[in-house]
Visitor: 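The following block contains the structure, expressed as structure tokens.
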Amino acid sequence: MSSVRPLSSPLDEVRAHAAGRRVDGWLLAQLAARVRNPRLRYALGAAAAGAEQPLATLRFQDRRALLGLLVDPEVHFGDAYAEGRIEVEGDLLETLETTYRALEGRRASPLSWLSLLVRHTPGRARDNVHHHYDLGNDFYVEWLDRALVYTCAYFETPGASLEEAQVAKMDHVCRKLALRPGEAVAEAGCGWGALARHMARRYGVTVTACNLSREQVAWARARAAEESLQDRVRFLEADYRALDGRFDAFVSVGMLEHVGLRAYRELAQVIDRCLDPSRGRGLLHFIGRAQPRPLNAWIRRRIFPGAYAPTLDQVMKRVLRPARVVVSDVENLRRHYALTLAHWRRRYERSCAQGRVPFDERFRRTWRLYLAGSQAAFATGELELFQVTFARRDDQSLPWTRAALYEGSRSAAG
């Protein structure tokens with residue numbers, strides 16, 4: 001005789017709903033206790049935990065999103081937000097800033113350190129570059145400055161425009177290098193070529209620049225031809241390890257983050273091989289940290305595969321010392337990067353609102369979180385932005401004081 005399952009009564013359904021709400025409330029309370037943020041509230045359906053008068057509320061659309069955040073918060077928050085299974089009711093930037101401050105000093109999980117063991121071969125480096133930088137030039141045109149400079153700008157005043165600040169950054173770099181007409185410069189990781197063209201056009205140097213992004217190199221070559229600079233700027237679609245020859249200066253802006261700790265000695269060998277042995281000098285501009293820590297796991301997985309933000313100590317010991325150079329100046333432009341990202345976010349959101357970002361909603365939310373999270377990281381000191389100037393021991397060409405850095409842009413050379 002077959003058994004017949006009795007229909008649930010309305011009372012059973014109420015009990016089941018109440019039990020589910022208790023489970024959700026307990027899970028939300030666990031999350032609130034872990035984050036220890038007095039300004040945020042967490043909600044799933046009718047259950048909630050955290051601040052009673054919050055700065056913002058993180059609303060979960062399903063229990064799976066909440067469980068994912070408890071199991072692996074770095075990865076699952078980003079993915080659930082991108083998929084629309086977590087909504088931030090309130091200001092996203094303020095939410096991220098207050099979360100970074102609440103989590104300050106937390107140790108990275110042991111598993112996250114394993115990512116640093118991956119060796120960045122030229123093939124892997126090319127794949128990593130393709131993942132982020134070959135999304136199409138039209139995408140970046142929508143929210144970067146006119147010259148497509150995708151690195152921290154230098155704001156001589158906080159009210160400067162993004163275009164003004166990016167030109168000021170390039171001049172700041174060139175003055176730190178004390179470039180003179182006729183010199184030869186090697187640039188490792190050149191983006192869309194703005195700095196290389198700026199150095200050649202305004203400072204009269206010749207530049208050999210390398211980049212693994214086919215789209216960026218094609219753009220850079222086309223702009224150089226338009227500006228009649230093709231005889232002074234050579235763009236190579238190649239890994240930085242392919243740089244060869246002798247140069248008066250070496251510069252890398254925004255590439256060190258992608259080199260990988262295990263390849264720092266190779267970068268040191270390139271710098272040592274390329275720099276003039278008696279009077280060579282250079283500059284590294286890179287995202288860094290105050291303490292060793294892997295980059296956010298979601299950023300590494302979805303945005304910048306293989307990325308790592310080093311400490312100054314790691315760069316000194318693993319790159320500059322083996323390259324047989326000495327440090328002459330260090331500057332932290334952290335707040336400048338937070339302001340740069342504020343400009344990028346405004347332009348990105350405007351482009352999204354006007355339907356000019358040519359990807360699906362998940363992509364748009366992914367990049368919204370990436371840009372806001374990056375701004376929050378620099379605003380709170382979670383990340384730093386270092387410029388390190390270095391030179392051979394016998395080099396006497398660098399300025400005696402810093403006064404020359406702030407005298408304004410040089411007149412065009414040549």
Side-chain angles (χ1 to χ4, degrees), residues 93 97 133 137 139-179 185 187 189-203 207 209 216 219-220 223 227 251-257 283-288 309 329-351 367 370-389 399 402-413:
L93 178 64
E97 285 184 357
Y133 295 100
N137 293 332
F139 169 63
Y140 290 100
V141 165
E142 285 297 327
W143 51 277
L144 295 180
D145 66 301
R146 287 188 293 271
L148 294 188
V149 183
Y150 189 23
T151 49
C152 174
Y154 179 72
F155 292 85
E156 293 179 326
T157 65
S161 70
L162 180 61
E163 276 71 19
E164 291 170 337
Q166 289 294 12
V167 171
K169 186 270 296 295
M170 292 187 285
D171 277 326
H172 199 55
V173 167
C174 292
R175 289 196 295 271
K176 284 187 174 186
L177 289 170
L179 296 180
V185 180
E187 184 182 9
C190 62
W192 285 273
L195 177 60
R197 300 196 312 275
H198 185 86
M199 289 189 288
R201 183 175 59 251
R202 299 197 62 173
Y203 292 82
V207 184
Q216 288 184 326
W219 176 284
R223 299 293 84 73
E227 298 171 19
V251 62
S252 174
V253 177
M255 188 200 75
L256 184 59
E257 303 91 314
L283 181 143
L284 296 176
H285 167 123
F286 59 94
I287 297 170
D329 189 74
V330 177
E331 186 172 16
N332 189 340
L333 299 177
R334 172 178 68 84
R335 293 193 297 169
H336 291 257
Y337 214 165
L339 185 51
T340 303
L341 281 149
H343 280 273
W344 289 346
R345 284 183 62 230
R346 282 195 292 271
R347 294 177 180 215
Y348 177 78
E349 294 296 351
R350 183 173 62 240
S351 294
W367 275 71
Y370 153 59
L371 291 172
S374 297
Q375 183 179 345
F378 286 104
T380 60
E382 176 76 9
L383 292 176
E384 317 281 355
L385 193 286
F386 297 117
Q387 282 190 350
V388 179
T389 311
R402 286 183 171 183
L405 296 180
Y406 309 109
E407 291 173 352
S409 302
R410 286 183 180 177
S411 58

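For this chain, numbers begin at 1 and follow the sequence in order.
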Visitor: If we only count heavy atoms from C-beta on, is the Phe378 to Leu339 side-chain gap below 4.5 Å?
Guide: no
Visitor: How close do Met255 and Ser252 get, heavy atom to heavy atom, and via which atoms?
Guide: CB-OG, 3.4 Å
Visitor: For Ala379 versus Glu97, what's the shortest heavy-atom pair and its separation?
Guide: CB-OE2, 3.5 Å
Visitor: Please determine whether a side-chain nitrogen of the Lys or Arg among Arg347 and Glu163 lies less than 4.0 Å from a carboxylate oxygen of the Asp or Glu.
Guide: yes
Visitor: I need the minimum non-hydrogen distance between Trp192 and Leu148, along with the two atoms involved.
Guide: CE3-O, 3.3 Å
Visitor: Considering residues at least two apart in sequence or located in another chain, which fulfil the salt bridge (charged side-chain N to carboxylate O under 4.0 Å, His left out) criterion with Arg402?
Guide: Asp329
Visitor: Taking Lys176 for the side chain and Leu405 for the main chain, is one N or O donor matched with an acceptor at less than 3.5 Å?
Guide: no
Visitor: Tyr337 and Asn332: side-chain donor and acceptor closer than 3.5 Å?
Guide: no
Visitor: Taking everything shown except Arg335 itself, do over 12 heavy atoms lie less than 6.0 Å from its CZ?
Guide: no
Visitor: Check salt bridge (charged side-chain N to carboxylate O under 4.0 Å, His left out) between Arg345 and all other residues, then give those that pass, not counting sequence neighbours.
Guide: none
Visitor: Any idea which heavy atoms bring Ala194 and Val149 closest together, and the distance?
Guide: CB-CG2, 3.6 Å
Visitor: Give me the atom names and distance for the closest heavy-atom approach of Ala196 to Glu187.
Guide: CB-OE1, 3.4 Å
Visitor: Of the non-hydrogen atoms in Ala153 and Leu162, which two are nearest, and what is the gap between them?
Guide: CB-CD1, 4.4 Å
Visitor: May I ask you to decide if Thr151's main-chain N or O and Gln166's side chain share a donor-acceptor pair within less than 3.5 Å?
Guide: yes
Visitor: Evaluate ring-ring contact (aromatic ring centres under 6.0 Å, His included) for Tyr140 paired with Trp344, printing each intermediate quantity in order.
Guide: CA-CA 10 Å; Tyr140 290 100; Trp344 289 346; 9.4 Å; no
Visitor: So, does His336 use its side chain to make a donor-acceptor pair with the main chain of Tyr154 at under 3.5 Å?
Guide: no
Visitor: Val253 versus Gln387: any side-chain heavy-atom pair under 4.5 Å?
Guide: no
Visitor: Backbone N or O of His198 within a donor-acceptor pair of the Arg202 side chain at under 3.5 Å?
Guide: no
Visitor: At what distance, to the nearest 0.5 angstrom, does CG of Leu283 lie from CZ of Arg175?
Guide: 12.5 Å
